[in-house]
Amino acid sequence: MNIEQHIVTATIEAVKKLYHQDLPEAQISLQDTRSEFEGQITIVVFPVVRFSKKSPEVTASDLGEYLLEHVEDVVAFNVVKGFLNLSINNSYWVSLLNTELLKPEFGTIAANGKKVMVEYSSPNTNKPLHLGHVRNNLLGYSVSELLKANGSEVFKVNLVNDRGIHICKSMLAWQKWGNGETPLSSGLKGDHLVGKYYVIFDKEYKKEIETLKLQGQTEDEAKKNAPLIKQAQAMLLAWESGDAEVIDLWKTMNGWVYEGFDVTYKNLGVDFDKYYYESNTYLLGKDTVEEGLAKGVFFKKEDGSVWIDLTADGLDQKLVLRADGTSVYITQDLGTAQMKYDDFGMDESIYVVGNEQDYHFKVLFLILDKLGKSWSKGLYHLSYGMVDLPSGKMKSREGTVVDADDLIAEMVLTARQKTEALGKVDNFSEEEKEQLYYNIGMGALKYFLLKVEPKKRLLFDPAESIDFQGNTGPFIQYTHARIKSLLSKAEFKQGVQVDNYISLSETELEMIILLAKYPSEIAAAAKSFSPASLANYIYEVAKMFNKFYHEIPPIVKEEDEQLKQHRLNLSWVTANILKAGMRILGIAVPERM
RNA sequence: GCAUCCAUAGCUCAGCUGGAUAGAGCAACGGUUUUCUAAACCGUAGGUCAUAGGUUCGAAUCCUAUUGGGUGUACCA
């Protein structure tokens, strides 16, 4: 039982004895004591006033007296307005460090038996990944790791949008203007090569539209009548009917894209347990539609189209099957949801998808709920904001997208330049240097994207490079490397406890309290699916260490063995937490830099 | 129109289920290296928490309205 729990039970006891009232536990609000006051734990007594029928100050004093008397480690208290500040025995904190934090398994949370699926990335196969995808990938990966750290069994899946008119556009353009170009022949990365033809299609299509408009057609007519779009549509039909030549080309070009994606995924450090392909799932969902009709959840209009009426839930009527019997987007998502559940039987299923699809998922989940799917309660749309540039939205057609591969390369290059300028890596081997530049560059990028609350839109300025100082990935990486260097210089011996009566500086006390929060920070971040809150915490830890490090004389030269061991213990715990926390964000921390 | 999200320092962001004088980083200014890595540390300056009401002992946080911005509202995905 930790000190907070002792205080809570004792407070309830106190209210019972002193005021003869039952204080509900929810009314007890504990917080860290602000640094300008004496003490470490504060009880906000305002809610208790209702039970004590006395002023906040008197109530606080009464409780303070009681806790001082009855809780062993409470050694003093002071009252400021309605706040009861408790001072906890020094030895309690030292023993917390000794017994809890120093355990090698500190921070690992036991399995909770929950199975969770996280679907993320979900790219289209007609163009390379851009910064928006990068946010999605990092978020999905990190949330998965976070849930694992919190004790769940996690399945990462990628639902690839590998079919449809968009990929036919690339295929058609390649047929017409590609002259047989392949990644091998041109040295172009596969996804970029296919993306190039997607752009060419768009350019040529626009030309045709202009020509048709000059011939007197309206914009809308021209868009429909342009030969290129007609050919693309014809190609899609051919694909659907299994035309061997089209399928062959489709396979070839998608293959190029996957080779390209694999490289980008590897650089991003993300992975998947299973891939789903829309070419396999796009026909799914018709059974679900039948089921919905049978259950009376859906209804059929005269033309044969199938709908659901969600107006009672504040939404609209929604089409779930076209009049010609073909699927729409939500049809396949209904079917895919069922398929995923049949495959994995998970308790929860997280969809990492941008907030432009908020409405879609609201509808999807509501429909599954109405169909009586027991597992629909576990569905969650992890909705994240767009990545904006100073000029506004990224638009592929206007060439303002920030390409993922370019960005990664730039980050690594910047890391190289900054590191070389500091001149600390002269004794590194070439491989070590390359690895370090990669880790630092990616650390900066990942931390930059992950420290922002997913829900919020994110501003990225390509003109200003991502910072390496302050609240950044490299700052935390540096702190870790510094501790590792310290531990080795001081010949740290792991697992040696120090005397409980050693005196703690204010910073050391704050450090222990902060470090002890790690497990609850993981739990809180997992609960809200927010790597950002974890990132924030890790930064606090790193900042606290640097403060500590500067305040005290060199540990290496410390002659008091107890004190030395104690400070090294604190440093060691800090390094572990930085490493474990950053790992959840998908960021490697170097041993030296 | 309707739905939904967002609005905190010059810029980028924190701020937990309402709690004490709203915090960081960057940028600006000043300081710290004969001592364990200066990608660090310390300090100064910077705020009508979009606006107006309301609930409360207490509101950046909850409610309502307004303003500004994003997104959605397809027999596209």
Side-chain angles (χ1 to χ4, degrees), chain A residues 26 29 31 33-34 36-37 42 44-47 49-50 55-56 80-83 85 124 161 163-166 278 282 301 303-307 314-316 318-324 326-330 332-333 354-360 362 383 385-386 388 392-393 415 418-419 421-422 424 440 444 448 451-453 455-461 464 467-479 481-490 520-521 524 528 532-533 535-537 539-540 542-543 545-558 567 571 592-593:
Chain A
S29 150
Q31 54 185 250
T33 303
R34 293 177 68 114
E36 62 263 40
F37 302 113
T42 292
V44 183
V45 299
F46 294 104
V49 170
R50 263 178 47 219
S55 73
V80 181
K81 293 190 266 180
F83 298 88
N85 303 321
N124 292 345
N161 185 359
R163 64 162 287 280
I165 191 76
H166 55 276
E278 285 200 16
Y282 82 108
K301 288 193 175 173
D303 65 359
S305 60
V306 181
W307 295 72
L315 304 173
D316 305 312
K318 183 83 185 173
L319 176 94
V320 293
L321 197 68
R322 289 191 187 105
D324 62 8
T326 58
S327 298
V328 289
Y329 180 40
I330 201 149
Q332 26 172 319
D333 266 6
N355 65 6
E356 74 271 16
Q357 293 197 35
D358 284 355
Y359 183 77
H360 172 74
K362 216 179 203 177
S383 163
M386 308 272 93
D388 289 327
K393 242 185 117 164
K418 296 207 183 222
T419 306
L422 288 170
K424 295 181 185 179
I440 295 175
F448 178 82
K451 77 171 178 187
V452 179
E453 204 55 42
K455 194 166 67 168
K456 299 212 175 170
R457 59 181 265 280
L458 195 146
L459 189 77
F460 176 82
D461 189 347
E464 273 180 60
D467 274 320
F468 283 60
Q469 287 173 353
N471 187 358
T472 66
F475 168 83
I476 297 163
Q477 292 172 316
Y478 171 73
T479 306
R482 197 185 217 187
I483 297 173
K484 281 314 182 80
S485 156
L486 165 66
L487 292 175
S488 87
K489 279 191 181 155
S520 62
E521 290 290 336
S528 54
S533 74
N536 224 346
Y537 168 77
Y539 171 63
E540 292 296 328
K543 210 165 52 152
F545 177 82
N546 283 307
K547 187 182 174 195
F548 161 76
Y549 184 82
H550 272 266
E551 272 177 8
I552 55 174
I555 297 175
V556 172
K557 294 183 178 159
E558 181 57 56
R567 289 181 170 163
S571 305
R592 53 191 190 129
M593 68 186 268

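Numbers restart at 1 for each chain; the letters A, B, ... are given by sequence-line order, proteins then strands.
Using a 4.0 Å heavy-atom cutoff across all strands shown, A/Ala532 reaches no nucleic acid atom at all. Heavy atoms of A/Val44 sit under 4.0 angstrom from at least one base atom. Using a 4.0 Å heavy-atom cutoff across all strands shown, A/Thr419 reaches at least one base atom of the nucleic acid. Across all strands, A/Asn85 comes closer than 4.0 Å to base atoms (heavy-atom distances). Looking at heavy-atom distances under 4.0 Å, A/Phe37 makes contact with a base. A/Ala524 comes within 4.0 angstrom of no nucleic acid atom, judged by non-hydrogen atoms across all strands. The residue A/Val80 sits close to a base: some heavy atom pair falls under 4.0 Å. Using a 4.0 Å heavy-atom cutoff across all strands shown, A/Leu458 reaches sugar-phosphate atoms only and no base atom. Counting any heavy atom pair closer than 4.0 Å across all strands shown, A/Gln31 reaches a base atom. Heavy atoms of A/Ile476 sit nowhere under 4.0 angstrom from any nucleic acid atom. A/Met386 comes within 4.0 angstrom of nothing in the nucleic acid, heavy atoms only. Here A/Pro56 lies out of heavy-atom contact (under 4.0 Å) with every strand. Using a 4.0 Å heavy-atom cutoff across all strands shown, A/Lys456 reaches sugar-phosphate atoms only and no base atom.
Atom-to-atom, CZ of A/Arg457 to P of B/U8 comes out at 10 Å; the value is rounded to the nearest Å. Between the P atom of B/A9 and the CG atom of A/Asn471 lies a distance of 17 Å, rounded to the nearest Å. B/U37 atom P lies 11 Å from atom CD1 of A/Ile555, rounded to whole Å. Atom-to-atom, CG of A/Asn546 to P of B/A24 comes out at 15 Å; the value is rounded to the nearest Å. Rounded to whole Å, the distance from CZ on A/Phe548 to C1' on B/C36 is 11 Å.
Cation-pi contact between A/Lys301 and A/Trp307: present, with separation from the ring centre below 6.0 Å and deviation from the ring axis of at most 45°.
A donor and an acceptor atom, one from each side chain of A/Asp358 and A/Ser383, are located under 3.5 Å apart. Between the side chains of A/Asn546 and A/Arg482, at least one donor N or O sits under 3.5 Å from an acceptor N or O.
In the set B/A77, B/C75, B/A40, B/C75 carries the atom at the smallest distance from any side-chain atom of A/Trp307. Checking B/C36, B/A24, B/A14 against every side-chain atom of A/Lys489, the shortest atom distance belongs to B/C36. Of the listed nucleotides (B/A40, B/A24, B/C36), B/A24 has the atom at the smallest distance from the side chain of A/Lys543. Proximity note for A/Tyr539 (side chain, C-beta onward) versus B/U4, B/C75, B/G25: the nearest is B/G25. Of the candidate nucleotides B/A3, B/U35, B/A20, B/A3 has the atom nearest to the side chain of A/Lys362. Comparing B/C42, B/G19, B/A40 by their closest approach to the side chain of A/Lys547 singles out B/C42. Candidate nucleotides B/A14, B/A39, B/C75 were compared by shortest atom distance to the side chain of A/Asp303, and B/C75 ranks first. Nearest to the side-chain atoms of A/Thr42 among the listed nucleotides B/A77, B/G19, B/A20 stands B/A20. Residue A/Gln332 places its side chain closer to B/A77 than to any other of B/A39, B/A77, B/A20.
With ring centers used as reference points, A/Tyr539 lies under 6.0 Å from A/Phe475.
Taking the charged nitrogens against the carboxylate oxygens, A/Lys455 and A/Glu453 have no contact shorter than 4.0 Å, which rules out a salt bridge.
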Could you walk me through whether A/Tyr478 and A/Phe468 pass the ring-ring contact (aromatic ring centres under 6.0 Å, His included) test, one step at a time?
CA-CA 10 Å; A/Tyr478 171 73; A/Phe468 283 60; over 10 Å; no

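Annotation: B/G53 and B/U17 have their C1' atoms spaced 25 Å apart (nearest Å). Taking atom P on both B/C6 and B/G46, the two are 31 Å apart, rounded to the nearest angstrom.
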